[in-house]
2 protein chains.
Amino acid sequence: MSPTLPTAENSSAENASSPMETDPRLILAKSRLKSAGLRVTQPRMKILAALCRQTSPVSIEHLHAGLPAAACNLVTVYRGMAAFERGGLVHRAVIHEGTSLYQITLGQPETYHVICRSSGKLAPLSAEVSGELQKAAAKAREELRGKGYREVAHRLEFSGVAPPATQR
Amino acid sequence: MSPTLPTAENSSAENASSPMETDPRLILAKSRLKSAGLRVTQPRMKILAALCRQTSPVSIEHLHAGLPAAACNLVTVYRGMAAFERGGLVHRAVIHEGTSLYQITLGQPETYHVICRSSGKLAPLSAEVSGELQKAAAKAREELRGKGYREVAHRLEFSGVAPPATQR
DNA sequence: ATGACTGCAAACTGTTTGCATTAGG
DNA sequence: CCTAATGCAAACAGTTTGCAGTCAT
């Protein structure tokens, strides 16, 4: 029932300390943190690293559960995510059953997802369709900017009942 | 901070008992209730009537607060909305700060909204832009149908900081 | 008749907050 | 140093659930 998707979570070294600095997205995230006037702390870097490993939106609880033993407190993840969101590092991509699923903002073309209402499983839409939606959304953003809205963002999510084959 | 928008709520007779049957949307809603195998009860009709009066998505609490004195219990609104949603009478249009805002599904062209992150005020996008978004969303739905998804739905919401003038 | 619906109270769950402590710049 | 960030425990808010009584069909 809770949102799931094959994550790279349990892939390799979790308590890693070396490959952390190599991920280009992590480095970018780090600099964005600084430019947003936020402090670069150990818990935050761990959260961001875990976030980078995700292949699709994750819930805060899921993210925290996937972190090493006691990488940081659940509350810290909540506060960190709030800060990241304010700083534009992350965005709430899906809201499913009262829980938000986050994703890193990579400046890369956004991909929208479908969430299965029976299994909670998440799947991405094709790049083409996502692209078209992006274009339409861009027009909307433009209209809103024209009306004086600042920091315009949007969230688009599809839901449906996935075919049995896809459910597992 | 809570979502607001000029509603037709306090317009005229609230405890009205006569104009209730005249609204075409209400009649439609009533028949949809029946065809969905749901019972037509007094509380539900009051909820649907209130819903019809809304000009934009409303939260359950707001809807309940706007009902006559004790038209029905808050819990009943929650359960009624859940039933309406299952029956396709209503849909969750926006999710703002942990609260869902609902809207009647009229089969009419859907209009998307922007919610101001500072005032919580809701405003509709132009019909043109909404239309384009609709078209793009339709393609996505098609893609999903092709993949075997059933009962595909979507939610699209914009957010931003409205210009001071619009804030009040 | 009879099962769906309602009301009331209590439970839940995701999220937030206060405060003392720790640590980043 | 000085302030932002963390951890812990407790508070919150929206939503859900159990159960007994009621009403639509």
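Hydrogens, waters and symmetry mates play no part in the numbers below; they use all other heavy atoms, side chains included. Numbers restart at 1 for each chain; the letters A, B, ... are given by sequence-line order, proteins then strands.
- With salt bridges taken as basic N to acidic carboxylate O contacts below 4.0 Å, one links Glu143(A) and Lys147(A).
- You'll find the side chain of Leu33(A) reaches within 4.5 Å of the side chain of Met45(A), heavy atoms only.
- Between Arg86(A) atom CZ and dA4(D) atom P there is a gap of 12 Å when expressed in whole angstrom units.
- Following rounding to the nearest Å, Met45(A) (CE) and dA23(C) (P) show an atom-to-atom distance of 18 Å.
- Nearest nucleotide to the Thr41(A) side chain, out of dG7(C), dG7(D), dA5(D): dA5(D).
- The listed nucleotides are dA24(D), dC8(C), dA5(D); the one nearest the side chain of Leu38(A) is dA5(D).
- In this structure, the nucleotide among dC5(C), dC8(C), dG24(C) sitting nearest to the side chain of Arg39(B) is dC5(C).
- Atoms CE (Met81(A)) and C1' (dT6(D)) sit 17 Å apart, rounded to a whole Å.
- Looking at every heavy atom in both residues, Ile115(A) comes nearest to His96(A) through CD1-CG, 3.3 Å.
- Distance, His64(A) NE2 to dG14(C) C1': 14 Å, rounded to whole Å.
- Within the 4.0 Å cut-off from OP1 or OP2 of dT6(D), not a single side-chain nitrogen or oxygen of Asn73(A) is found.
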Which pairs would a plain distance check flag for residues 84-95 of chain B, meaning a side-chain donor or acceptor within less than 3.5 Å of a matching protein atom at least two apart in sequence or in another chain?
from     : atom 1 : to        : atom 2 : distance (Å)
Glu85(B) : OE1    : Arg92(B)  : NH2    : 2.7
Glu85(B) : OE2    : Arg92(B)  : NE     : 3.3
His91(B) : NE2    : Glu110(B) : OE2    : 3.2
Arg92(B) : NH2    : Tyr102(B) : OH     : 3.4

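- Per the geometry, CZ belonging to Arg79(B) stands 10 Å off P belonging to dG18(D), to the nearest Å.
- Rounding to whole angstrom units, NE2 of residue His96(A) and C1' of dT15(C) are separated by 17 Å.
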What protein N or O atoms touch nucleotides 10-15 of chain D N or O atoms at under 3.5 angstrom, if any, and at what distances?
from    : atom 1 : to        : atom 2 : distance (Å)
dG14(D) : OP2    : Glu61(B)  : OE2    : 3.4
dG14(D) : O3'    : Gly98(B)  : O      : 3.3
dT15(D) : OP1    : Ser100(B) : N      : 3.4
dT15(D) : OP2    : Tyr78(B)  : OH     : 2.4
dT15(D) : O5'    : Tyr78(B)  : OH     : 3.4

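- Pairing each heavy atom of Leu133(A) with each of Tyr112(A), the nearest pair is CB-CE1, 3.5 Å.
- Ile47(B) places its CD1 atom 12 Å from the P atom of dC5(C), with the value rounded to the nearest Å.
- Between Lys46(A) atom NZ and dA23(C) atom P there is a gap of 12 Å when expressed in whole angstrom units.
- With sequence neighbours left out, Ser31(A) forms a side chain to side chain donor-acceptor pair (under 3.5 Å) with no residue at all.
- Listed for the Arg117(B) side chain is a donor-acceptor partner under 3.5 Å among the backbone atoms of Glu151(A).
- In this model, no side-chain donor or acceptor of Arg44(A) finds a partner on the base of dG24(C) within 3.5 Å.
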